[in-house]
Number of protein chains: 2
Amino acid sequence: MTNKKIPDIIIGRLPLYLRALERMTTEGAIVTSSKELGEWVGISAAQIRKDISQFGEFGKQGTGYNIDFLSKKLREIMNIDRVWDVAIIGAGDIGHGLARYQGFLDRGFRVALAFDIDPEKIGTKIGDVVVEDISKMVVSINDADVKIAMIAVPADNAQDVAEKLVKAGVKAILNYATIIINVPEDVRVQYIDPATHLQWMTYYL
Amino acid sequence: MTNKKIPDIIIGRLPLYLRALERMTTEGAIVTSSKELGEWVGISAAQIRKDISQFGEFGKQGTGYNIDFLSKKLREIMNIDRVWDVAIIGAGDIGHGLARYQGFLDRGFRVALAFDIDPEKIGTKIGDVVVEDISKMVVSINDADVKIAMIAVPADNAQDVAEKLVKAGVKAILNYATIIINVPEDVRVQYIDPATHLQWMTYYL
DNA sequence: TAGATTGTTAATCGATTAACAATC
DNA sequence: TAGATTGTTAATCGATTAACAATC
């Protein structure tokens, strides 16, 4: 039942489930079980069932889960049964990589805007969008009603950019800058930092 | 005490602590407390103390923690009190961004090797390294005794690359390809996938 | 000494697993 | 019907928090 608060840790597993289901679809499967799905994502069958049952009864006893149906439901739950426009701030290597990343469109996202401060980059095209002057960012994002942004600027400018994004109405930020940014409570931030990920593994080497 | 198994969840927080401590250092601080550090990283003071005490007694009652000393200890624990050579597989946008990423060197990593399959890219320089032919990857990585690699190739080739990396002796893989790769148990894999991170946030929008 | 803060124990909280009735 | 698998409850496990003696 969706009226009680679902723990973050469960929400964090839903994209994994969906990705595995999508993979199964491409391999031609129609139904799966909590056992099989669990093996794909490395999580116990009991936990898969428990997680999914937080949102409704999507399976059938004796049969398992219809993959298309469960995928659809997961997309609804995660709010990706639509396409979200996203903005990229910073048109360097990372910004370029993101703009040209092929994995967004079929997973609910479209790069709609890109910004940079460098006059040489403004006006050039990355992916399908033209890089705009960062001074127009707040207005453009506001006008386009974009709620999701990815920060790919140097660490020194990240906090400043974040504050402008908040002003523009952005509610979710994916931050590639190696710095913790401060934003209001109702704005979500995720960090992607290769060095931190590597450090997490060196402990075990 | 280091003889009992430390939970993964604690290991995962150590890089956050270290990053905050490094930031404090640049701001000129000498000592900190579990309370202050906790506020920086958004974790309770009790938990900070508990985590740190898993590895030894690094603080002083009444005073707190010496930032330099604690940083040094954390680096030792995480095995980054040395520089790890890393290899980049794939010299596209993401590979380029990684090769030129400034945050590696002062955090324990050096990009030592890069590979691509495209003849046009082989021989060119990205960051400080020359892109080698991917067919030489296993031998080169083996010779250089590199244990850490970052996969930045298309999803279709990721599993194949991963298997070659394992053959070359790599024990830690940071995977930017949008696909789950299968490797032996003693090889660690971390995934970086912007779409998955975004999906994690759209639930709350 | 008085105040502050650690390291650690015990209490609480939450998440995972095991088990099984319901049922396809 | 017999076999399989869900959804859910109870039991277990592990992580977080609260509290406080030790001590700088």
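By convention in this document, chain letters (A, B, ...) are assigned in the order of the sequence lines, proteins followed by strands, and residues within each chain are numbered from 1.
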*Ignoring backbone atoms, establish whether A/Gln61 has a side-chain N or O less than 4.0 Å from OP1 or OP2 of D/dA4.*
no
*Give a yes or no on whether B/Glu76 atom CD has more than 12 heavy-atom contacts from other residues, nucleotides or ligands under 6.0 Å away.*
yes
*Using a cut-off of strictly less than 4.0 Å, decide whether B/Arg49 has a side-chain nitrogen or oxygen near OP1 or OP2 of C/dA4.*
no
*Verify the contact: side-chain N or O of A/Tyr65 to OP1 or OP2 of D/dG7, cut-off strictly under 4.0 Å; return yes or no.*
yes
*asked:* Counting Watson-Crick and G-U wobble pairs with both distances under 3.5 Å, what is the dot-bracket string for DNA chain D, 5' to 3', using [ ] for crossing pairs and | for pairs to another strand?
replied: ..||||||||||||||||||||||
*Within the structure, does a side-chain N or O atom of B/Ser44 lie under 4.0 Å from either OP1 or OP2 of D/dT17?*
yes
*With sequence neighbours left out, write down each residue that passes salt bridge (charged side-chain N to carboxylate O under 4.0 Å, His left out) with A/Lys136, or none if nothing qualifies.*
none
_Closest-nucleotide mapping onto DNA chain D: is A/Gly62 or A/Ala46 further toward the 5' terminus? I mean the 5' end._
A/Gly62
*Respond yes when some side-chain nitrogen or oxygen of B/Thr63 is under 4.0 Å from OP1 or OP2 of C/dT5, and no when none is.*
no
*So, A/Thr202 side chain and B/Met78 main chain: donor-acceptor pair closer than 3.5 Å or not?*
yes
*Starting at atom CD1 of B/Ile43, determine the distance to atom C1' of D/dA15, rounded to an integer number of angstrom.*
12 Å
*Donor-acceptor contact below 3.5 Å, side chain A/Gln190 vs main chain B/Trp200*: no
*Contact class for B/Ile52 vs. all strands (heavy atom < 4.0 Å): base, sugar-phosphate, or nothing?*
nothing
